[in-house]
Amino acid sequence: MSVVSLLGVQVMNNPAMFTDNYEFEITFECLEELQNDLEWKLTYVGSATSDQHDQELDTLLVGPIPVGVNKFVFEARAPNISRIPDADILGVTVILLTCAYDGREFVRVGYYVNNEYDSEELNAEPPAKPIIERVKRNVLAEKPRVTRFAIKWDSEASAPPEFPPEQPEADLVADGEEYGAEEAEEEAAEEAEEAAAESADKVKGQEGEDAEMAGVEAENADRARPEEDEMSEDGSVDIEGESEDDLEEEEEGEGEAEEGDDDAMEVDNHEKDAAAAPSTKPVSAAA
């Protein structure tokens, strides 16, 4: 359980010019007395391709922290233009508002920031060299990305099972009263809807394949049916409709036919023997 819970963050001067300071009104709740101060920090992501352009805009130590709900204003300077590539000044970037206790970060709030010119003409045809005085920023304050980490506070009982925790592994399950809980629920609902839509598409695709396969099987069955009927008429015997008496008569007829064949074979054998035996009839003398 976290000793300090972030309840709300309000971006006070938004939208504003690029060179204006950032101002945040932060509300949090402390459940017990803390021995150290809270360290708040604001970081500007200068480029999406490299973290070498990230800037720590300002840091603020808040303390001693009384038990209960607390509120204060955190003001940070604008980023240094010389540390940002010209190609990354305009467009969408990110700012990170973080808080740590005793060097251990326990909450991080990310905002998307859109930087553009204050006139449609410049946005339509931006100059090769950005005009910083004409650039304004707009923080997407309605959609914060809140990440929480389990850390050890003052007592050993508050330490997580694995201490210190791996910072990339975040607990995104927010309490109902904590900042960003509604946004996390909305994101989870959107992800569930997308998953359901993908499942529905897969089911429809499978049904289409099944229907196609059924048509092919039916066509093959129609093609094979005449041959099967022909075989049934010429080369097979239907014994289901015959009675036992009919079967017995057929068996007797077959037996008699076999006996007749045996008798015929015996007669033929006798005739062959007689023809092969020497004749005993006297031969008359020639005249």
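The first residue of the sequence shown is numbered 1, and numbering continues consecutively from there.
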Discussion item. Give me the atom names and distance for the closest heavy-atom approach of Trp40 to Phe74.
Written reply: O-CZ, 4.1 Å

Practice prompt. Give the minimum heavy-atom separation between Pro85 and Gly46, together with the two atoms involved.
Written response: CD-O, 4.3 Å

Worksheet item: Atom NZ in Lys41, atom OG1 in Thr59: separation rounded to 0.5 Å?
Response: 5.5 Å

Item to complete: Consider only side-chain heavy atoms of I, L, V, M, F, W and Y, link residues closer than 4.5 Å, and tell whether Leu60 and Leu96 are in one cluster.
Response: no

Worksheet item: With Glu75, which residues qualify under salt bridge (charged side-chain N to carboxylate O under 4.0 Å, His left out), at least two apart?
Response: none

Worksheet item: Are Val139 and Leu42 connected in the hydrophobic side-chain network, where two residues link if heavy atoms are under 4.5 Å apart?
Response: yes

Discussion item. The criterion is salt bridge (charged side-chain N to carboxylate O under 4.0 Å, His left out); which residues satisfy it with Asp37, sequence neighbours excluded?
Written reply: none

Discussion item. If hydrophobic clusters are built by linking Ile, Leu, Val, Met, Phe, Trp and Tyr wherever their side-chain heavy atoms come under 4.5 Å apart, do Val11 and Phe72 end up in the same one?
Written reply: yes

Fill in: Close side-chain approach of Arg108 and Phe149, heavy atoms under 4.5 Å
yes

Worksheet item: Could you give the distance from CD1 (Ile84) to OG1 (Thr93), rounded to the nearest 0.5 Å?
Response: 7.5 Å

Item to complete: Search all heavy atoms of Leu6 against all heavy atoms of Thr27 and return the closest pair with its distance.
Response: CD1-O, 3.6 Å

Discussion item. Strictly distance-based, threshold 3.5 Å: is any side-chain N or O of Tyr117 a donor or acceptor partner for the main-chain N or O of Ile131?
Written reply: yes

Worksheet item: Val4 and Cys30: which non-hydrogen atoms are nearest, and at how many Å?
Response: CG2-SG, 4.3 Å

Discussion item. Quick one about Tyr44 and Asn80 (side-chain donor to acceptor, distance below 3.5 Å, no hydrogens or angles considered), yes or no?
Written reply: no

Worksheet entry | Within one Ile-Leu-Val-Met-Phe-Trp-Tyr cluster: Val146 and Val94, side-chain cutoff 4.5 Å | no

Fill in: Closest contact, heavy atoms only, Asn36 versus Tyr101
N-OH, 3.1 Å

Item to complete: Please answer whether the main-chain N or O of Asp20 pairs with a side-chain N or O of Arg137 as donor and acceptor at a distance below 3.5 Å.
Response: yes

Discussion item. If I take atom CG from residue Leu38 and atom CZ from residue Phe106, how far apart are they, to the nearest 0.5 angstrom?
Written reply: 5.0 Å

Item to complete: Please examine the side chains of Val107 and Phe28, heavy atoms only from C-beta on, and report whether any two atoms are closer than 4.5 Å.
Response: no

Practice prompt. In sequence, state the C-alpha distance, the side-chain angles, and the governing distance for Asn114 and Leu140, and then conclude on side-chain contact (heavy atoms from CB on, under 4.5 Å).
Written response: CA-CA 8 Å; Asn114 184 32; Leu140 189 58; over 6 Å; no

Item to complete: Give, for atom CZ of Arg77 and atom CD of Glu56, the distance between the pair rounded to the nearest 0.5 Å.
Response: 8.0 Å

Worksheet item: Can Val62 be reached from Trp153 by stepping across I, L, V, M, F, W or Y side chains whose heavy atoms are under 4.5 Å apart?
Response: yes

Item to complete: Taking atom types as modelled, find out whether Thr43 and Asp54 have a side-chain donor-acceptor pair closer than 3.5 angstrom.
Response: no

Fill in: Neighbour count >12 (heavy atoms, 6.0 Å) for atom CD, Glu33
no

Practice prompt. Measure across Ser47 and Asp88 and return the closest heavy-atom pair with its distance rounded to 0.1 Å.
Written response: OG-OD2, 3.0 Å

Practice prompt. Return the set of residues passing side chain to side chain contact (heavy atoms under 4.5 Å, CB included) with Ile132 (not counting sequence neighbours), or none when no residue passes.
Written response: Phe18, Thr19, Ile81, Ile89, Pro130

Worksheet item: Is the backbone of Asn21 close enough, under 3.5 Å, to the side chain of Asn13 for a donor and an acceptor to pair up by distance?
Response: yes

Worksheet item: Is there a donor-acceptor contact under 3.5 Å from the side chain of Asn138 to the main chain of Pro15?
Response: no

Practice prompt. Anything under 30° is parallel, anything over 60° is perpendicular, the rest tilted; go ahead and classify Tyr22 against Phe24.
Written response: parallel

Practice prompt. Measure from the side-chain N and O atoms of Arg134 to the backbone N and O of Ser119, and report whether any donor-acceptor pair falls under 3.5 Å.
Written response: no

Discussion item. Is it the case that the side chain of Ser5 and the backbone of Glu29 share a donor-acceptor pair, with hydrogens and angles ignored and the cut-off at 3.5 Å?
Written reply: no

Discussion item. For the CG atom of Asp102 and the CD atom of Gln35, what is their distance to the nearest 0.5 Å?
Written reply: 9.0 Å

Item to complete: Look up atom CG in Leu97 and atom CZ in Arg145, then write down how far apart they are to the nearest 0.5 Å.
Response: 16.0 Å

